[in-house]
Each structure stands twice: as structure tokens, then as C-alpha cells.
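Some notes on the structure that comes next.
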Number of protein chains: 2
Amino acid sequence: MPKGRVEQRREGVREEIKQAARRLMAAHGTAGLSLRAIAREINMLPSGLYHYYGSLDELITALIVDAFNALADALEAARETAAGQSGAAMLLAVLEAYRRWAVDHPTDFQLIYGNPIPGYVAPREITVPPVIRGFSVIVGLIENLLQSGALEAVPPYDVIPPEIEAHLQMLIARDGYPVSARALFMGVLGWTQLHGIIMLEMFNHIQPVIGDVETLYRAQVVNLLKTLGLKTAI
Amino acid sequence: MPKGRVEQRREGVREEIKQAARRLMAAHGTAGLSLRAIAREINMLPSGLYHYYGSLDELITALIVDAFNALADALEAARETAAGQSGAAMLLAVLEAYRRWAVDHPTDFQLIYGNPIPGYVAPREITVPPVIRGFSVIVGLIENLLQSGALEAVPPYDVIPPEIEAHLQMLIARDGYPVSARALFMGVLGWTQLHGIIMLEMFNHIQPVIGDVETLYRAQVVNLLKTLGLKTAI
DNA sequence: CCTATACTTTGAACAGTGTTCAAATTATAG
DNA sequence: CTATAATTTGAACACTGTTCAAAGTATAGG
């Protein structure tokens with residue numbers, strides 16, 4: 001395997017570049033993501049990096065995909081860890097893992113859900129699949145709860161606005177997701193509610209008001225499940 | 001007034017600089033915020049700007065304060081416009097104005113709630129007051145609803161976690177806010193829920209899933225008020 | 001009105017950024 | 001061992017924020 005060896009070495013350097021990038025990001029925030037700084041870190045000239053990534057944007061895209069996959073991994077791991085417990089407990093564990101990962105990997109989270117790098121726009125066809133991977137964990141658990149009857153839609157969340165239901169049905173049909181529009185709708189609602197807390201926490205807008213954000217988040221998760229119509233206690 | 005004339009002219013140039021900055025931001029995103037670009041825009045040398053703002057960060061801070069105040073203005077205006085209607089209708093109008101302003105002023109919103117400028121950290125003592133101004137509009141309306149009896153805390157949102165209640169009480173005592181811990185708690189909960197939608201909309205993460213974000217937002221606002229315990233119909 | 005003082009603008013320089021490209025070097029394959 | 005492919009180099013270009021002394025301009029007092 002002559003070409004295999006070259007390819008393998010190439011992949012190794014690409015990984016080394018990404019690791020240096022993550023190290024710099026962790027140390028100096030998403031602002032520390034400088035091509036020249038990465039080159040310095042691994043004793044390369046700036047121009048040398050262009051043989052591994054066509055541009056800084058391409059490198060950022062790779063980092064984003066990795067981050068989305070790491071987040072999805074964390075959610076799946078939380079689900080597996082709570083596998084023995086009730087469906088509600090599993091969902092709770094997964095939703096807590098969402099914030100946990102964000103708090104533990106702030107720069108990665110900012111990279112994927114903030115607007116960190118000036119001028120950069122993510123190519124959707126590359127970044128969307130790993131996003132769906134993570135989101136599916138949440139929606140899948142909701143779907144199970146709905147089918148088992150542990151979760152039953154109650155007012156006011158029992159009505160899905162027609163335009164939205166139509167779009168969700170289209171999405172399910174087009175991409176072949178094995179879930180109901182109801183589960184998707186609940187997933188999106190819950191996602192946005194929790195995402196707001198994390199986003200405000202990330203940029204330090206909510207600690208001054210609420211003090212302990214972790215407690216607020218947990219309360220919000222529990223309340224969310226209750227208002228969505230969870231029948232069993234958690 | 002000799003010094004008044006100088007001061008006035010100085011203030012005029014400062015305003016001109018900010019307007020050029022906003023123009024560039026609107027055109028090229030928060031990334032377009034370049035000191036040299038601003039200087040070019042108003043036919044000045046980069047170094048000249050330093051007589052009006054000590055640094056780019058200082059200019060950004062000024063823009064952020066302006067943005068928070070503009071947001072607060074929009075919320076107050078929405079409240080006044082709906083002044084004749086019920087308290088619930090006023091709150092609904094204000095919450096819709098929150099997203100409206102974000103959608104109409106995306107770069108300003110990203111400037112204050114995103115992580116736009118690498119390396120910049122806002123000086124809290126300057127930026128917090130205008131934040132409170134806007135937030136007070138929401139919390140004030142909630143307080144009125146609570147006192148009039150139109151809003152009554154119901155499960156699960158009737159319980160405030162003890163640690164959070166303690167922190168809120170401290171805040172109220174320290175800064176002398178004329179509101180209850182309950183109103184503040186409800187305000188924060190609502191704020192985070194809606195903020196999540198806007199944040200995800202801003203960075204284009206939710207349209208692909210839900211289609212019409214405006215409908216989702218409106219539904220979320222109404223559902224929020226209902227689950228918080230609003231007794232009257234909207 | 002004219003000078004002395006304060007305010008403002010200038011221009012050059014420094015250190016940093018992403019990116020391009022031909023040239024030189026190194027490693028691989030026949 | 002040589003021909004070929006993969007890499008690394010180094011210089012250059014255009015851009016960024018920031019500093020500072022020098023030059024220019026407007027204002028105030030006599």
C-alpha cells in the first residue's frame with residue numbers, strides 16, 4: 001500500500017493541526033484560532049498548512065463537524081448510561097448532558113452555536129448531518145415516551161400550528177426520519193427552551209441574575225417535561 | 001460657551017463614527033467592524049479615531065450600550081402602543097417586540113448577545129444598566145399581572161428553587177428593584193425560553209427544521225404565558 | 001487683530017493577520 | 001538509482017489595531 005502510507009501520514013498531520021487548533025481555542029477562546037498561531041504551534045510555516053486544509057474556513061468546518069459529533073457522542077453516552085432506567089429518566093439524563101457538554105467545552109459550543117469567526121459561514125451540506133445525529137437522540141427518546149404512553153400531549157402544547165406541522169411532515173417524508181411530527185415538535189420546543197439558558201450562561205448574561213444556573217437548568221428541564229405532558233414522576 | 005462648542009463638535013464626530021460603524025456592520029456583519037474601514041468611510045486616518053475613542057473596544061462598548069438602549073426603547077414603545085389593552089396583551093406585545101427588534105437589527109443583536117468581536121469583553125459596569133432597563137419592562141408587566149390576579153403561579157412553575165429565590169431576594173434588596181422574586185423568576189424563565197428561539201433563528205439553525213419561525217415564536221409566547229399561570233385568555 | 005494655547009489631523013512605523021506561488025527539498029515508486 | 005510525486009520553504013501582498021511625535025487648525029485672551 002504505497003498510497004495508503006501517504007494518505008495515512010496526511011491524515012495524521014491533519015489531526016495534529018486540529019488538535020493544535022483546539023488547544024489554542026481552549027487557551028485563548030475562539031479568537032485564538034489563528035492560522036499562523038497554529039503553524040507556530042506545530043513548527044510549520046503558515047503556507048504549509050494549505051497543503052492540508054485549503055483555507056482557514058475549511059479547517060474551521062472540520063472543527064465544527066468534530067464538535068457536533070462530540071456533542072452527539074456525549075448525548076448518546078448519557079442515554080446508554082441511563083439505559084436501565086425509565087424513558088423519562090433517560091431523556092432527563094440526555095438533556096442534562098447537553099448543558100454539561102456545553103459547559104465543559106465552551107469554545108467548541110461557541111464554535112457551533114455562536115458566531116465566532118468573522119466572515120465564516122458553515123457549508124450546510126457538511127455540518128447538518130452531525131447536527132441531526134445529536135438531535136435524533138432527544139427526539140428518539142421523546143418518540144419512545146409518546147409510544148409507550150408515558151408522555152401524552154396536553155394543553156397548551158397539544159396543538160401544533162398547522163404551518164409548522166406541514167413543514168415537519170415534509171421533513172419527515174423527505175429525509176425519512178422514523179419519528180412523528182409530534183415528537184419533532186416537542187423536541188424543537190424543548191431544545192429552544194434549554195438552549196436559551198445555555199447561550200445566556202455562556203456569555204455570562206444570566207449568572208448575575210439567577211446565581212446558580214445549574215439549578216435553574218435542572219428545574220427548567222423538569223418543568224419542561226411536566227408541561228409537555230409527562231405522566232410519570234421523574 | 002467656548003468649551004460647549006468644542007464638546008458639541010466632538011460629540012458630533014463620535015456620533016458620526018458610530019453611524020459609520022453601524023453602516024459597516026449592517027453591510028458586512030459584525031465582522032465588518034474594522035477601525036480602518038470606519039476611518040476610510042468618514043475620510044479620516046485610522047489614528048485620528050483614537051482622539052474620539054481610546055480603542056476599538058471602547059467604540060464597541062459604546063455601540064453595545066446604544067443597542068441595549070434601542071432594544072429597551074423598542075420594548076417600552078411596544079408597551080405604550082398596547083397601553084389601552086389588557087396586561088396580558090401588553091406583555092404579549094412586548095415579548096413579540098423582543099424578537100421583532102432582534103430580527104430587524106440582527107447585527108446589533110449579535111453584538112450584544114452573541115460573541116462577535118474576538119478578544120473583546122464588555123465592561124459590566126457600563127453595559128449592565130441598559131440591560132436592566134429592557135428587562136424591567138418585561139418583569140414590570142409580569143408583576144402587574146401577579147398583583148391584579150390575572151396571573152397566578154401554578155404547578156410546576158409555582159415552586160422557586162430555594163437557592164435561586166435567595167439570590168433573587170438578595171438582588172432585589174441590593175439594587176432596590178420594585179418587583180417580587182416571583183415576577184423576576186417568571187421573567188427569567190420566559191426570557192431564556194424565548195431567547196433560545198431567537199438565538200437559533202439568528203444563526204439559521206432552526207428555520208430548516210421548523211420552517212416558519214415567527215409562528216413558532218408566537219405559539220411559544222402564548223404557551224409560555226399559559227403554563228406560567230395566566231388565567232385570562234389572550 | 002494677533003498671538004498663545006488647546007484641539008485635531010497627519011504620516012510613518014510596528015507587530016500581527018490570511019493567502020498565493022514559484023522554488024527548493026524530501027520522500028516515494030518503478 | 002532515477003524519475004515522479006508530495007511536501008516544505010520563503011518571500012511577497014493586502015489587510016488588521018495601535019502608538020507617537022510632528023504638523024496643522026481652530027479657539028480664547030489681551
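Order of the sequence lines fixes the chain letters, A, B, ..., with proteins taken first and strands second; residue numbering starts at 1 for each chain.
- Rounding to whole angstrom units, OH of residue Tyr52(A) and C1' of dT19(C) are separated by 18 Å.
- In this structure, Leu35(B) places its CG atom 19 Å from P of dG16(C), rounding to the nearest Å.
- Contact annotation: the side chain of Leu59(B) approaches that of Lys18(B) to within less than 4.5 Å [non-hydrogen atoms, C-beta and beyond].
- Using a 30° and 60° split on the angle between ring planes, Phe135(A) and Trp191(A) fall in the tilted class, from 30° to 60°.
- One atom, CE of Met44(B), and another, C1' of dT10(C), lie 11 Å apart when rounded to the nearest Å.
- Atom CD in Glu41(B) sits about 13 Å away from atom P in dT16(D), given to the nearest Å.
- Phosphate proximity of dT7(D) to Arg14(A): absent, as no side-chain N or O sits under 4.0 Å from OP1 or OP2.
- Close to dG18(C), at under 4.0 Å from its OP1 or OP2, lies a side-chain N or O of Ser34(A).
- One N or O on the side chain of His167(B) and one on the backbone of Pro208(A) form a donor-acceptor pair closer than 3.5 Å.
- Relative to the side chain of Leu45(A), the nucleotides dT7(D), dT9(D), dG18(C) differ in distance, and dT9(D) lies closest.
- Here the side chain of Arg14(A) pairs a donor or acceptor atom with the backbone of Tyr52(A) at under 3.5 angstrom.
- Contact annotation: Arg40(A) side-chain N/O to dT17(C) OP1/OP2 distance is under 4.0 Å.
- If you take CG of Leu49(A) and C1' of dT20(C), they are 14 Å apart, rounded to a whole angstrom.
- With ring centers used as reference points, Phe68(B) lies under 6.0 Å from Tyr113(B).
- Whole-Å rounding puts the His51(B) NE2 to dG24(D) P distance at 16 Å.
- Between Tyr50(B) and dT9(C) there is no side-chain polar atom (N or O) within less than 4.0 angstrom of OP1 or OP2.
- Atom-to-atom, CD1 of Ile38(A) to C1' of dT19(C) comes out at 14 Å; the value is rounded to the nearest Å.
- At a cut-off of 3.5 angstrom, counting only N and O atoms as typed in the model, there is a donor on one side and an acceptor on the other between the side-chain of Arg36(A) and the base of dG18(C).
- For dG10(D), its base sits under 3.5 Å from the side chain of Ser47(A) at one donor and acceptor pair at least.
- With distances taken from any side-chain atom of Arg9(A) to the nucleotides dT7(D), dG18(C), dT19(C), the minimum falls on dT7(D).
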